[in-house]
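Reading through the structure tokens given below for one structure.
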There are 2 protein chains.
Amino acid sequence: MTKTNHHRSCQGRSNCNACALRLEMVCGDVSLEDLIDFHAGIDDFDFAPGATLFAMDTPADAVYCIRGGAVKMVHYEPSGVVRIVRVLKIGDVAGLEATFRERHEYSAIAVGTVRACRIPMPYFHKFIESHGSLQMRLMETSQAALSEAQNWLAQIVGGNIPARTRMARLLLKLRTGNSDRIIRFTGEDMAAILGITFETVSRLVSEFKRLGILQYIYGSKNTKYFRGDIAALEKIAQEG
Amino acid sequence: MTKTNHHRSCQGRSNCNACALRLEMVCGDVSLEDLIDFHAGIDDFDFAPGATLFAMDTPADAVYCIRGGAVKMVHYEPSGVVRIVRVLKIGDVAGLEATFRERHEYSAIAVGTVRACRIPMPYFHKFIESHGSLQMRLMETSQAALSEAQNWLAQIVGGNIPARTRMARLLLKLRTGNSDRIIRFTGEDMAAILGITFETVSRLVSEFKRLGILQYIYGSKNTKYFRGDIAALEKIAQEG
DNA sequence: CGTGTACTTGAGTGGGCTCAAGCAGGGTGG
DNA sequence: CCACCCTGCTTGAGCCCACTCAAGTACACG
């Protein structure tokens with residue numbers, strides 16, 4: 001576990017325009033003093049691949065706004081079974097589920113290098129309580145997350161649907177924006193998402209590569225990507 | 001589809017204490033006029049077993065507060081595969097996910113007889129915009145739903161975990177309160193939740209009955225129940 | 001150059017699916 | 001009241017997809 005977390009304090013608004021402030025930019029009623037006050041307690045972190053933002057069953061004392069990279073939300077069963085319940089990308093907020101809870105129900109773990117702003121829970125609470133339109137924004141965020149989770153339930157995970165189909169659906173969900181660039185998880189991670197073994201994942205990825213609809217490319221700083229044939233993947237994803 | 005929905009207008013506050021008002025009771029700042037105004041557009045419904053509160057892909061023009069019975073949120077794939085992504089019980093709000101969306105992503109279908117208050121979306125929006133503490137309550141509700149959905153992902157659905165174990169976990173989740181009374185879904189419904197076939201469900205239920213840890217009992221008005229040996233179920237639920 | 005991590009590939013097994021036949025209960029109509 | 005149907009449940013036999021176990025490869029890093 002080499003988790004060398006670079007760490008520095010938030011310098012000013014410019015740093016946050018891409019993350020926490022995304023949530024407020026819609027709200028015109030946030031004054032400059034509020035912002036400076038708000039920023040005082042916020043830190044800007046770099047997380048190494050595999051680093052833990054926060055761990056399951058630990059006190060929920062902060063939320064994190066993801067500014068770069070991807071984060072997996074992981075659940076560990078006593079039996080050793082590992083399940084990834086959601087993947088956060090740029091602009092998402094990790095730990096939001098714990099706003100009204102004592103402890104985190106899941107671990108948040110960096111996939112590749114991650115940049116994130118840490119917002120201590122007391123600040124977060126104070127801030128949302130005092131800004132009405134921010135609450136609306138957060139409700140929206142929260143419901144988008146719910147929607148996403150239910151979508152996984154219906155389409156990605158489990159059941160009567162063959163692993164091949166679900167793999168294609170997962171790959172489509174993991175692409176960045178509308179490009180053909182797909183965030184590349186390890187075989188074990190994909191297994192934990194789909195609820196299958198990593199051997200099966202490997203066989204499927206091999207098959208897709210053999211068919212020419214998937215290939216390796218590289219991004220910056222340990223974050224790896226696939227390049228995928230979106231049309232072909234969508235076709236496979238529709239197979240019942 | 002025999003969906004004879006009894007229907008009558010909401011008479012006053014007393015009717016709503018159990019549902020919509022649950023959300024506000026915490027907020028002291030709601031005036032009486034607000035309430036009367038609010039209630040004007042609300043209707044109180046009875047839904048027969050199998051009746052549809054709202055259907056997937058239809059315009060999201062209302063939310064429903066569940067006052068009695070249980071509601072399943074269902075996703076239909078083009079291929080015909082059916083998946084239940086969540087089950088709502090008394091006090092839950094159906095359609096909340098669509099507060100900021102055009103259309104419902106899932107159908108809400110009554111399991112047994114259901115009583116629910118229909119709140120038109122415009123009313124709902126107007127009301128939450130004007131009452132700050134209600135927004136906080138709703139955020140909490142929304143996050144609880146997210147938590148529940150993720151819990152299903154991690155524990156109930158799919159994967160390396162044997163169907164027997166997941167069935168036990170599902171039964172534990174479906175019990176009412178802390179009693180040993182368990183809401184009884186049809187085999188097909190349980191199959192749609194667990195992502196297995198109804199034949200397998202039948203075999204498992206038979207086995208549990210044979211072991212004496214599950215038996216049929218009856219509730220009122222078409223809503224049926226199991227009585228379960230909670231301790232035994234919890235033991236099975238822990239098997240990895 | 002050795003070590004660790006991730007991936008690949010094969011052979012054999014098994015849990016859950018498929019297909020199929022039959023049963024139970026509860027309405028409904030003659 | 002019974003015959004009929006319809007929905008939901010039961011149970012069996014055979015098969016296949018994905019799991020398990022296992023051996024081996026590719027590559028990064030110190």
Side-chain angles (χ1 to χ4, degrees), chain A residues 1-2 4 48-50 79-82 111-113 156-168 170 184-211 214-218 221-226 236 239-240, chain B residues 1-4 48-51 72 79-82 109 111-112 156-168 170 184-211 214-216 218 221-226 236 239-240:
Chain A
M1 293 276 191
T2 46
T4 43
S79 66
V81 175
V82 178
V111 179
T113 304
I156 303 283
V157 148
N160 334 355
I161 305 158
R164 204 178 107 101
T165 302
R166 281 152 48 210
M167 171 65 86
L170 174 58
R184 182 169 173 259
F185 282 75
T186 67
E188 233 153 15
D189 279 347
M190 287 182 150
I193 294 172
L194 293 167
I196 58 181
T197 58
F198 84 95
E199 290 99 324
T200 303
V201 170
S202 173
R203 280 182 244 269
L204 288 170
V205 171
S206 294
E207 186 198 337
F208 286 176
K209 280 197 291 187
R210 209 178 317 122
L211 293 173
L214 212 57
Q215 53 179 304
Y216 292 149
I217 58 170
Y218 294 92
K221 285 191 180 181
N222 290 309
T223 308
K224 296 194 173 87
Y225 295 93
F226 292 117
I236 296 173
E239 290 168 7
Chain B
M1 292 277 191
T2 45
K3 298 175 196 169
T4 42
K72 54 183 176 182
S79 66
V81 174
V82 178
I109 300 191
V111 179
I156 304 283
V157 148
N160 333 357
I161 304 157
R164 205 178 107 102
T165 302
R166 282 151 49 212
M167 171 66 87
L170 174 58
R184 183 170 171 258
F185 283 75
T186 67
E188 232 153 16
D189 280 347
M190 286 183 151
I193 294 172
L194 293 167
I196 59 182
T197 58
F198 82 94
E199 290 98 324
T200 303
V201 170
S202 173
R203 280 181 243 270
L204 288 171
V205 172
S206 294
E207 187 199 335
F208 286 177
K209 279 197 292 186
R210 209 178 317 121
L211 293 174
L214 212 58
Q215 52 178 306
Y216 292 148
Y218 295 91
K221 285 191 178 182
N222 289 309
T223 307
K224 297 193 174 88
Y225 297 93
F226 291 117
I236 295 173
E239 291 170 5

Phosphate OP1/OP2 of dT9(C) contacted by S206(A) side-chain N/O (<4.0 Å): yes
Quick test: give all pairs of protein nitrogen or oxygen and nucleotides 22-24 of chain C nitrogen or oxygen below 3.5 Å, distance rounded to 0.1 Å.
none

Side chain proximity check, K224(B) to Y216(B), heavy atoms < 4.5 angstrom: no
Donor-acceptor pair, side chain of R164(A) and main chain of I236(A), under 3.5 angstrom: no
Distance, rounded to the nearest Å, where L204(A) contributes CG and dC7(C) contributes P: 14 Å
Sugar-phosphate only, base, or nothing, as touched by R164(A) at under 4.0 Å among non-hydrogen atoms: nothing
Side-chain heavy atoms of P49(A) within contact of T113(A), under 4.5 Å: yes
Gap separating the CG atom of L170(B) from the OG1 atom of T165(B), nearest 0.5 angstrom: 12.5 Å
Of the listed nucleotides dT11(D), dG16(C), dG8(D), the one nearest the side chain of S202(B): dT11(D)
d(CD, E207(A); C1', dG10(C)) in whole Å: 16 Å
Whole-Å gap separating P (dG15(C)) and CE (M167(B)): 17 Å
Short side-chain N/O contact from R166(A) to OP1 or OP2 of dA18(D), under 4.0 Å: no
Length of the CD1-P vector between I161(A) and dC17(C), whole Å: 12 Å
Heavy-atom pair of closest approach, residues F198(B) and A191(B): N-CB, 3.6 Å
Under 4.0 Å protein heavy-atom contact, by nucleotide of nucleotides 19-28 of chain D - B base, S sugar-phosphate only: SBB-------
Heavy-atom pair of closest approach, residues I196(B) and N160(A): N-OD1, 3.8 Å
K209(B) side chain near dT10(D) phosphate (N/O to OP1/OP2, under 4.0 Å): yes
Non-hydrogen atoms of I161(B) and R166(B) that approach each other most closely: O-NH1, 3.1 Å
Euclidean distance, atom CG of residue D189(A) to atom P of dA6(C) [Å, nearest integer]: 9 Å
Note, V205(A) side chain near M167(A) side chain (heavy atom, < 4.5 Å): yes
d(NZ, K224(B); P, dG25(C)) in whole Å: 12 Å
Nearest listed nucleotide, side chain of A163(B), among dG16(C), dT10(D), dA18(D): dG16(C)
Distance, rounded to the nearest Å, where R184(A) contributes CZ and dC7(C) contributes P: 5 Å
S206(B) side chain to S202(B) backbone, donor-acceptor under 3.5 Å: yes
Whole-Å distance separating the CE atom of M190(B) from the C1' atom of dT7(D): 17 Å
